[in-house]
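What you see is a predicted model, and the numbers here were worked out from it, not measured in a lab. Just so we're on the same page: letters track the sequence lines, and every chain starts at 1.
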Amino acid sequence: MTKAVIELNNIYKSFRTDDVETHALTDISLTINEGEFVSFTGPSGSGKSTLLSILGLLDEVSAGTFKICGIDVTHLDRDQRAGVRNQQIGFIFQSFNLISDLTVEENVMLPLSYQKDVPQGQAKRMAAEVLKKVNMEHRLHHFPSQLSGGQQQRVAIARALVNKPSLILADEPTGNLDSTNATAVMEILHQLHQEGSTICMVTHDPRSLDNVSRNVEILDGRIRLPANAPNEPSTDKKQSEGAAVCM
Amino acid sequence: MYVIRDLLYALRLLKKTPKFTALTIIVLCGGLAVSLFTFAFLYTFTSKPLPIEDQGTLYRASLLWHSEKFGESRYLEAYEAARLREHATVFSEHGVWQNKTVSVSLGNNQLIVEAASTTPDIFKVSRTQPLLGRTLEASDSLRGSTPVAVISYAIWQGQFGGDPEVIGKTFYVSGQTTEVVGVMPQGYRFPISHQLWLPMPAQILNPVILDREKVEFFARLKPGVSVEQAQTQFFSITSQAFNARKEKLPKGIELIRADMDLYQRFDIDNAMRLTVLVLNVVAFFILLLAAINIGNLLFARAIQRSKESAIRTAIGAPHWRLVSQLMWEGVLITLAGTALAVVLVAWLLNFIDSYFHTLMGNELPFWYRWELDITVFVAAVVFALFTIFVASFLPAYKAARQDFNMVLRDGTRGAQSISIGRLSRFLLVTQIATITLIMVLGTAISFKVNKATDLELGYDYDKLYFAIAELPLHNYPTDEKRALFFERMQRQLSEDAAFSDAGIRFSYKRQPVALSGVDYKTDADKPKATIYTVIGSTEFMGPKLLAGRRLDTRDRKDGAKTAMVSQSMANRLWGNDSPLGKQLQVTLDDEFATVTVVGVVSDITNNPLEKPALYDELYLAGYQFPKARGTIFFKRAVDAAVAEDRFFRILNGNDSQLNIVAIEDWEMETSATAKMVATFRDTVIMSGLFALILAMTGIYGLTAFSVEKRAQEVGVRRALGATDKDIIMLFIKQSSKLLLAGLLIGGGLSSLMLIAVSSVLALTTFAYASIFVAVLGSLVLVVLVAVIIPSRKAVFMQPSEALRCE
């Protein structure tokens, strides 16, 4: 049976600056199943990144309910949310967001360092494993500033994978890359999808939409449904041994 | 033109952030004021130029002696001075003077003043003409000439009511009718703080070989003569004179060297110079702390404007233009801070000047004028330039050296943040090291000075006076004559209704004493005690009888030699045994004696920085061991002026020619000293607290800046699952390394400086350890608070918001 990784029900998100209230998201309901590769598109300011922040528990909803792997995460406290982020979610950012003072290996080991039960040796082995997967094993001891943009993004992908997350969230992962590197990054993401990972990706790049399971278009904070197309999860489910599942 | 444009732009930016502008100006004003005030205060104390013509060529000189009994001491005797005046060729002008405390009276109007018994040269050397009449002449010193005096403006106004016909009028100087021959201008108090000038007696100007009168020597160097040359000739002439009479003087005295220094610096010893240096270093570090804080704030502002600078660079602004533009804010803040600091310091100096002059009366040297003079103003300019360099130029230079190409490109902050991070870490370590140094030295100095305010001397100095009398050898050649004089003085003072008690004390330095029957290999093995010989009761002078009996008229020259010991000495030498009847062996002025302990008295000290029980005292009978120089103690029972008048009448009745070196109201003296010391202590504590606040805000500023720069990293870490505790611990862990580095550097430097001034501070190991523990502990606390507050602020930001931070 297909398992829902994400369940959003009537989500609202608004910001208040002085006396002005901005509605970033309005009545979003969305389900994403295990193994899906969902892209979010829409013009700038439409609310894609806000939605991704909500999905990644980086921001709180103003109203509605939100479940990850069947667990209601809407009202978790700060530390519980941190725990979910650490164990269930992997992030890939447009600007890579590697920590400049840490080496490639240390950057990748970072999510494991927030888990008490992962010994240093095991963390190193796991980091080496994922770095090999993205062909960056030869740059273990380099600092981010010594890498090209494409290489930095591959390290960022390795960092997102090291915890074997249930969900990978990618915010315009090719936005800062040239076409060659962008293609290479997308290939990695597709490979992960093939291996069973659930991926949500915000993108502006139409080329990135090839081979995604489903595209969700956001406009003015709402999901824009194509004519006669219900917002339903795709049945495209891939699962392999290497991919994480909801626990 | 661009300078004006940049200046106006900087003004606009400062106007936009009035709180920031006010805060930085206040902080800088505080730092500059502390440094400038400390400099001005100490500079006046140690090296302020004399307010007389050609002051740079005026020197004082003396001889350093070593005596087997008393160690090193510096003085010049009239005999050597007379040979100098005859043979010296390196001086264009020179003279000698002796300090004399005298009573001046006219009718019922009586005053005790410091007089200089001097050669006539004093007025010429000080380049000052009398306001009325004439100065002293050589003929005034001749035997049989009419006693004359030159009076100060203050005496002229106070005693003679400013009478324009004062010349030729007579008044009493220590009971002797004296004619006024001149009045000096207002403010003239050369050579130190004198108000009356008397001709030096012929027997001191032309002493015989056995005379041991001490005098002070001053001179101007001839053009082209160096201090070293003058010193060499000074030593050569005086050592020849000394060698010629050495055999006839008491044994064990050796001439070591001649000391010569600029007039105003002559009495400042090495320990004092070192202390002044340390205090100036501490004050400079407070300025450095303030400058680093402001520099850091301005650097943060420059970094916030790095996009603007990048755009300016992109459209062709040269590097120096960027530096200049970024500097102006700091320059304006520094100029405003300096202007305020100068006004504040001028007010403080004025306050301190009137406070000290009120407190110390006319005892302060005449050149001690705390004011905003040209030197202090130049120092303010130098401090301001230094501040501009640290707080404006360095941050602007660093900010303008960023890779603006990287700044313009989005999301590539790596190398930039590494460089800024390095600078932040360096500044944080510098701040911690600096405040450690300031706090350790400041606490040690305050600790030491605070002890001096206790004035726990073992004395009840209420209404207590002392006068130091020096009996001339030609009039008092034998011990019997000396003892007779002092005994008579003691008896007459004790019997007079103006005094409740009186006593005489002769002081010897700390020296070895031996327990009878104990075999000591060297003098170093013997216990040491400060030896006093006394005539009359010791009770009112401090030492109270605790056991046995007092020394009294039973202890005559031909009787058995007796002694009283202090309680600390009794405890140290005999423990639980009674010291009464025990015997000690002492050697005073080559006279060996075995004395029997007949009494035990309480502990005293003459040093307010030492506890009374720290050293031991041994009291012998003054009849058995009198000296030429004795201290007459008396406790007044009547009004101060009446008591002083009675004292001089009794003194003059016994010997009208006697030189009283000093007469002091101990109560007034100790209270004035305590107030001065307390003012100094409070100034150090206030400066230390200011420095601590500066450091706290500085460390907070640096940490906050560092945390703010890493807001995005915090966002990333939280996105990856870090909890609030993880983030706060991360910052604490990282700051701990810097804290440790700063504490080690600061602690090491302050240890070195404490070692350098250990002879002045003389604190116990426990005191030093306590200071280090207290300072380091409080700094750890301060740094932790300064790290935790901005870290907590950072973790409360939503991760999504933190990730968007640039």
Side-chain angles (χ1 to χ4, degrees), chain A residues 13 15 24 49-60 77-102 107-116 143-147 149 152-153 156 159-160 162-163 165 169 171-172 175-176, chain B residues 402-403 405-426 706-707 709-731 733-735 737-738 791-806:
Chain A
K13 176 68 185 173
F15 301 100
S49 293
T50 305
L51 179 59
L52 205 72
S53 291
I54 300 270
L55 293 180
L57 294 181
L58 297 176
D59 214 341
E60 290 172 47
D77 67 22
R78 295 166 60 83
D79 283 350
Q80 287 169 326
R81 293 160 75 83
V84 174
R85 279 197 300 268
N86 183 248
Q87 310 214 347
Q88 309 278 13
I89 304 169
F91 284 98
I92 302 167
F93 302 98
Q94 177 182 1
S95 50
F96 328 135
N97 282 341
L98 297 177
I99 293 171
S100 53
D101 290 334
L102 303 181
N107 264 291
V108 175
M109 282 164 61
L110 206 52
L112 301 173
S113 72
Y114 298 124
Q115 292 178 13
K116 290 191 177 76
F143 284 94
S145 57
Q146 296 168 308
L147 305 178
Q152 287 191 49
Q153 194 59 301
R159 185 178 64 186
V162 76
N163 260 355
L169 299 176
D171 188 0
E172 300 203 41
N176 274 1
Chain B
Q402 289 185 77
D403 186 341
N405 189 28
M406 293 179 90
V407 174
L408 285 170
R409 279 160 49 198
D410 192 24
T412 43
R413 303 173 190 86
Q416 184 194 349
S417 69
I418 285 177
S419 153
I420 293 168
R422 246 184 247 137
L423 181 71
S424 287
R425 287 193 289 273
F426 170 75
S706 159
V707 171
K709 288 303 299 171
R710 296 174 65 183
Q712 200 194 34
E713 181 189 325
V714 171
V716 173
R717 286 181 182 269
R718 296 196 61 202
L720 298 177
T723 59
D724 294 358
K725 196 177 147 199
D726 289 328
I727 300 292
I728 292 173
M729 284 311 290
L730 170 82
F731 284 116
K733 221 164 126 185
Q734 288 178 349
S735 301
K737 288 180 194 161
L738 304 179
S791 310
R792 281 181 65 82
K793 263 169 91 175
V795 294
F796 280 110
M797 196 189 277
Q798 285 288 357
S800 59
E801 198 186 329
L803 281 165
R804 282 196 296 272
C805 285
E806 294 205 3

Partners meeting salt bridge (Lys or Arg N to Asp or Glu O under 4.0 Å) with A:Arg78 (sequence neighbours left out): B:Asp724
At a heavy-atom separation under 4.5 Å, does A:Pro111 approach chain B through its side chain, its backbone, both, or neither? both
Would you mind checking which part of A:Leu147 comes under 4.5 Å of any heavy atom in chain B, side chain (CB onward), backbone (N, CA, C, O), both or neither? neither
Any heavy-atom pair between the side chains of A:Met109 and A:Val162 that's under 4.5 Å? no
Evaluate the side-chain proximity of A:Asp79 to B:Lys725: yes if any heavy-atom separation is below 4.5 Å, no if none is. no
Is it the side chain or the backbone of A:Arg81 that comes within 4.5 Å of chain B heavy atoms, both, or neither? neither
Partners of A:Asp59 by salt bridge (Lys or Arg N to Asp or Glu O under 4.0 Å), sequence neighbours excluded? A:Lys13
